[in-house]
Amino acid sequence: MKRYLFISLLILSTSFQLSAQTKPAVSAENMLIRMSEIEVYPQYLKEYLEYASVVGATSVKEESGVICIFPMQMKRDSTQIRILEIYASPEAYRHHIQTAHFRKYKTATLHMVKSLDLVDMHALDPAGMPEISTRVWDGFFSLYSITGILPS
């Protein structure tokens, strides 16, 4: 479980840093920000977490309009998944859901999902995103430099 959290933090940090360095400037007013609230059937949990991690990393890497896909798992109920999704625009989101990697994820996990609620959000401080990224990245390297090992 720690490995999935670590991978998710790494994806978030990398996506913010890559966004700042290689993606065009994004207007906060045009961004699509969503929290996907997902409940997974317990017998499919491990398999679902693998799919969620892969689709998030692939989307950030391959799609310039995907700023962040950050899957998280509730500590108090491991079948409850939340995915923070940030897209440069509604058009970027529409492109994302047509990609082969997203369609594979959606098709493969459909039977694993007990419930899904897509909650659109409004950023209160979009200018703070780069600072969040820097802190996550710095925290990762601090942990690595102290322990010499990657979280598992």
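Please read all numbers here as calculations on a predicted model, not as lab measurements. Computation of the quantities below employed the complete heavy-atom set of this structure, encompassing side-chain atoms and omitting hydrogens, waters and symmetry-equivalent molecules.
To the nearest 0.5 Å, the span separating OG on S36 from CZ on F70 amounts to 13.5 Å. Atom CD1 of I38 sits about 11.5 Å away from atom CD of Q73, to the nearest 0.5 Å. Rounded to the nearest 0.5 angstrom, C68 SG and I83 CD1 are separated by 10.5 Å. The CG atom of L32 sits 9.0 Å away from the CZ atom of R94 when rounded to the nearest 0.5 Å. Here the CD1-CE distance, from I86 to M35, works out to 8.5 Å after rounding to the nearest 0.5 Å. Here the NE2-OG distance, from H95 to S89, works out to 10.5 Å after rounding to the nearest 0.5 Å.
Side chains of Y41 and K114 form a contact here, defined as non-hydrogen atoms less than 4.5 Å apart. When side chains are defined from C-beta on, K104 does not count as touching T99, because their heavy atoms never get closer than 4.5 Å. Using a 4.5 Å heavy-atom threshold, the side chains of I81 and V40 count as touching. Side-chain atoms of E37 and V119, non-hydrogen and from C-beta on, do get closer than 4.5 Å to each other. M72 places a side-chain heavy atom less than 4.5 Å from the side chain of L84. Residues I67 and M31 have side chains in contact (heavy-atom distance under 4.5 Å, counting atoms from C-beta outward). When side chains are defined from C-beta on, I33 does not count as touching D120, because their heavy atoms never get closer than 4.5 Å. The shortest side-chain heavy-atom distance between E63 and H101 falls under the 4.5 Å cut-off.
The heavy-atom pair separating A52 from P71 by the smallest distance is O-CG, 4.0 Å. Heavy atoms only, all atoms of each residue included: I69 and S59 are closest at CD1-CB, 3.6 Å.
Taken together through direct or relayed side-chain contacts under 4.5 Å among Ile, Leu, Val, Met, Phe, Trp and Tyr, Y44 and L110 form parts of separate hydrophobic clusters.
Between Y87 and E85, the side chains place a donor N or O and an acceptor N or O closer than 3.5 Å (distance only, hydrogens not considered). With 3.5 Å as the limit, one finds a donor-acceptor pair spanning the side chains of Y48 and Y105.
Checked by atom type and distance alone, the side chain of T109 never pairs as donor or acceptor with a backbone atom of M112 at under 3.5 Å.
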